[in-house]
Every structure is written in structure tokens, then in C-alpha cells.
There are 2 protein chains.
Amino acid sequence: MGTAERKQKEKEERERLFLTRAGEMIRDEGLLNLQMARLAESCEYATGTLYQHFSSKEDLLVALAEQGAHRHVDVFRRALAWQAGTRDRMFAIAVGDVHFARKNPQYAKLIQYVFAEAVWENALPERRQSLLGHCEPITEIIRSLVREAIYHGDLRAGGSLHEMELALGPWCLCEGMHSLVHTQGLLEKCRIHRPEELLFVNVQLLLNGMGWQPLMEPVEPAATQALADRIRRDVFES
Amino acid sequence: MGTAERKQKEKEERERLFLTRAGEMIRDEGLLNLQMARLAESCEYATGTLYQHFSSKEDLLVALAEQGAHRHVDVFRRALAWQAGTRDRMFAIAVGDVHFARKNPQYAKLIQYVFAEAVWENALPERRQSLLGHCEPITEIIRSLVREAIYHGDLRAGGSLHEMELALGPWCLCEGMHSLVHTQGLLEKCRIHRPEELLFVNVQLLLNGMGWQPLMEPVEPAATQALADRIRRDVFES
DNA sequence: TTTTGATTCTGAACCTGATTCAAATCCTGC
DNA sequence: GCAGGATTTGAATCAGGTTCAGAATCAAAA
């Protein structure tokens, strides 16, 4: 009974087509201008067919974010696999994250939009669950890096905190920076240029504060940026 | 010629009414369910009148955020005015920010939504400018606190970085935490409970990393939380 | 007090775009 | 070749933001 299987495959194929096309349309015309009817037409299907895959526009956007999350996870995987000390690899995660956001501006915007309550609530629970599930490998990677750091003696296990909790700080720094960078006009108003360089400096300062060995002292903006550039080249652009 | 003045006042009064009511409706029924026609009706005005004040729904939301920003600034003012060392006051800013977000969950969600590109772009430029302008005092407060810390010898001026840039790290930590907290289900999935306590710990670690005197060593979660609680009580709930 | 012209208010009509669903079409197994 | 279920279609429906022609109001002038 290969029939059902083939149908299943065709359906998945079509879903991919819809998502790919949606990504292109968003890239070309902005998140604002994505229209369900136009998307369907552009894929040479009827509107109704589109709704067999996605329960709503929001649902589609969450699905799209999920697709992007795949490539996002890869960044973390690379950082983890890099041949370097745990501290440098933790720093590399921040570098990779920024690098990825810069290379995929639409994805970064999409994520921000999708996680805003109004959108999130309108997607199917299964879809939301699935997106969160796709992020799971990221947490697993971080967790294992922290575990390795503790095992290796680079980081002192802080009292009752478990691995993920220890890594929350750098994570928040990155998230917060993305969020500020997306707020058009805000950083300019504060006369903050080169936000990425500053993020890297602050990550290093925080890692120092955590006592993550080997300490980088002093933390020079220029040197930090140079290290970030090197990591970007060696780890993420090969 | 007091006529024009009176009209002006009435108009402002009405604008306040619209915004207040909008805030209430959002609190009661969620951001999603705010409808322009219903809002106007509930204020006993016609839809069109509402549009004499706000060029679009998005514009109204930005205006609403602006109103909230007023009270937000107050938090920073209080932290700055607190009788304590510069480091404790910087920490107090983080505590106040979290406290405020907790007390005004709708505001926090609104801010997140408003700054998403799709909404931001649809508000009038003047309105956006105005919202950013309302945030200016915040940056000014932070800037002056950092300046004081340097002058007082608590903080070493880092090379070419100016005041605001030095304060970017703690700011990102707070922003990032808000952003993560809003992502329903994410922190649970990562088994991170008490995110606020962790934020405070990380702020202290970062301040240590920055060499902001007097250092807090070691940074104990329980002690940090106790300090935060005390600050909350003494500085923000009086 | 009436007139007048401007200003403001009104809300039904308009418009865009997401969503639905009855009919048409396509399968597949007999 | 055909019956009946599954899938696809796209025009119709619906929701809700936005507009605008006319009604109402107002203030100054006559």
C-alpha cells in the first residue's frame, strides 16, 4: 500500500514549497505584505489548499520560523564542535548567534514577530510545541558545553544552579541585544554604534565575572572584536 | 481668545480618555481583541473621531506605550535618587525594571508588540519619535549614574567607551530576560524557574566582571535575591 | 437674534485580506 | 467503467480597520 505513503510525501513536498515561497515573498516584500491568497496563487494552488497545511496565517509564520530554527541550531553545533577551550566556545556561541542574525535578518525579525503574544496565540498548539521542540537541541548543546566546562575545571559549579541556568546570562545578553537592535532608532538615539562589538565585550566581561577560565584580562574592545572576527571566519564561514 | 485654548484642552482630555479606556480594554480582553469601533463606542464617540487622534490602530498602540513609558521612567528616577553607592543603584535599576514589568504585564507585552517592525512601521513618524523621546530621560539617568561611578572611582572608564556604552551590558541582560520570559513555554522547556533571581545573579556577575566597586564576592543566589527584595521594598514600594 | 461659514462629529459604507465551504474534480478499489 | 470517498477549488463570506459625505455644532458677524 504505497499509495498513502506517496500522498504523504507529496503533501510534505507541497508544504515545503509553500514555506519556501513564503520565505521568498517575505524577503522581497516584507512580513507586512505577505498575503495568503497571493502566496497560494504564486504556488499555483488554491487558497483553500494552503489552509489544509496551516490553520491560519500565524500558524504558517510559526512553521516558517521553525524551518529557520534548523539552520540556527547548526550555528550552535558548529561552535560546540570547534577545537578550542570551553570559554572560547561559549564566546563563539555568541559570535555565531550574532553572525546568524546578521546573515538572516528576515529570520530574526520573524522570530521577534512570531513570539509576540498576538501571533503566538493564534498558531496551533502543536505547531508552537514543535517550534519549541526545534529549539531543544540548542539548550542541549549549551548544557553539554557548561557540563564540560565544569568537568574540565574551567567553571565552578555555582551552588544549586544547573547547567542551563548557568548559561542564562550570556543568552540574555544576546537576546537583549537582538531586541535592542531591532528597535529602530533606539540605539542611534543613545549614540551607541557598533552594538555587536559592545555585545562581545560584555559577554567577555560576564564570563570573567562568572570566573569562566581562562579569564580575559583586560577586556579590550579591539582585541575582542578581532577574536570575534577570527571565530566568524574560522568557525562559521567555512 | 480662550476658545481655541479650551478646545485644545477638550481634545487632550478626550485623547486621555481614549488611551485610558484602551488600556482597560486591553487589560480585560487582551491586545488581540482591541477593536477601534468598539473602543470608540465605549467612549461614546464615533469611530471617525477616534481617527482624528490616531492615524491608525498601530499609532494608538504606540501612543499607549508612550503613556506607560512615563511611569517606567519613574522607576529609574527612584533608583538614581536612592541613597546608596553607585553599584547598588545600578543593581537597583535592574530590580526596578523587573519589578515594573511584573506590576505592569500588559505594558511589557505592549512594548514588545509595538516595537515589532510590522507595528512600528505603521505608526506616524512623529509618534515614534515621541515614544523614543520619552525614553530619553532613562538614558540620561543611566548616563549620569555611570558618570558618577567613574568620578567616584567605582568604575574604571573603559578606553573609548562612553557612559551609555558602558551601561549597555546590564541593559541587554534585562531586555533579554524580558524577552525570554515573554516567550511562553520557552523557559519552562529549559527547566529554568525563578528567572528573575537568575537575572539578578547575572547582573551582579556582570558588574563584577566590569570591575564595578565594591565587588560582590561570591555572588550567592540567595543573598542576591534578598538584596533585591530589600531594594524592591525600600526603593520601589514606598 | 439670526445668519453664515468653518469646524467637528458621525456612522454607514468601503475596502482589504483572512477564512470557509459547497461544488467540482480527482482517485482508488472493485 | 463506476461508486464513493478524499482532495482541491475559488467565489462567497466575514471581520475589522479606515474613510468620507452629510449632519450637527459653534463662534463670530450682522
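Letters go in sequence order (proteins before strands), and every chain restarts at 1.
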Just to be sure I understand the geometry, which residues of residues 36-46 of chain B put a non-hydrogen atom under 4.0 Å away from DNA chain D? M36(B)

Does T49(A) put a side-chain nitrogen or oxygen below 4.0 Å from OP1 or OP2 of dT9(D)? yes

Look at the side-chain N and O atoms of Q52(B) and state whether any lies under 4.0 Å from the OP1 or OP2 oxygen of dT8(C). no

Which listed nucleotide (dA11(D), dG16(D), dT18(D)) is nearest to the side chain of T47(A)? dA11(D)

Between P on dG11(C) and OH on Y51(B), what's the gap in Å once rounded to a whole number? 16 Å

Here the distance between atom C1' of dC26(C) and atom CD of E10(A), to the nearest Å, is 12 Å

Enter the distance from E196(A):CD to C174(A):SG here, rounded to the nearest 0.5 Å. 10.5 Å

Tell me whether the count of non-hydrogen atoms from other residues, nucleotides or ligands lying under 6.0 Å of CD in E10(A) goes above 12. yes

Nearest-0.5 Å distance, CG of residue L207(B) to CD of residue Q204(B): 6.0 Å

Specify the separation, in whole Å, of atom CG of L60(A) and atom C1' of dG17(C). 15 Å

What's the CG-C1' distance between L34(B) and dG16(D), to the nearest Å? 11 Å

What do the steps show when you test R191(A) against R143(B) for side-chain contact (heavy atoms from CB on, under 4.5 Å), and what is the final call? CA-CA 11 Å; R191(A) 276 173 275 142; R143(B) 191 171 286 143; 3.5 Å; yes

Given atom CG of L50(A) and atom P of dT8(D), what is their separation to the nearest angstrom? 12 Å

Could you check whether E12(B) pairs with K9(B) (Lys NZ or Arg NE/NH1/NH2 to Asp/Glu carboxylate O, under 4.0 Å)? no

If I take atom NZ in residue K11(B) and atom P in nucleotide dT8(C), what distance separates them, rounded to the nearest angstrom? 7 Å

SB check E41(A) R38(A) (cutoff 4.0 Å): no

Ion pair present between E24(A) and R27(A), side-chain N to carboxylate O less than 4.0 angstrom? no

Let me know the distance between NE2 of H53(A) and P of dT9(D), rounded to the nearest Å. 10 Å

Does the gap between the ring centers of H182(A) and F115(B) come in under 6.0 Å? no

Closest nucleotide among dT19(C), dG16(D), dG17(C) to the S56(A) side chain: dT19(C)

Residue whose nearest DNA chain D nucleotide is more 5′ - K57(B) or G48(B): K57(B)

Residue-level proximity of residues 20-32 of chain A to DNA chain D when a heavy atom falls under 4.0 Å: none

Side chains of residues 64-73 of chain B: which donor-acceptor partners sit under 3.5 Å, not counting sequence neighbours?
residue	atom	partner	partner atom	Å
E66(B)	OE1	S130(B)	OG	3.0
E66(B)	OE2	S130(B)	OG	2.8
E66(B)	OE2	H134(B)	NE2	3.1
R71(B)	NH1	N104(B)	OD1	3.0
H72(B)	ND1	Y107(B)	OH	3.2
H72(B)	NE2	D97(B)	OD1	2.8

Rounded distance (Å) that lies between atom P of dT19(D) and atom CG of D59(B): 12 Å

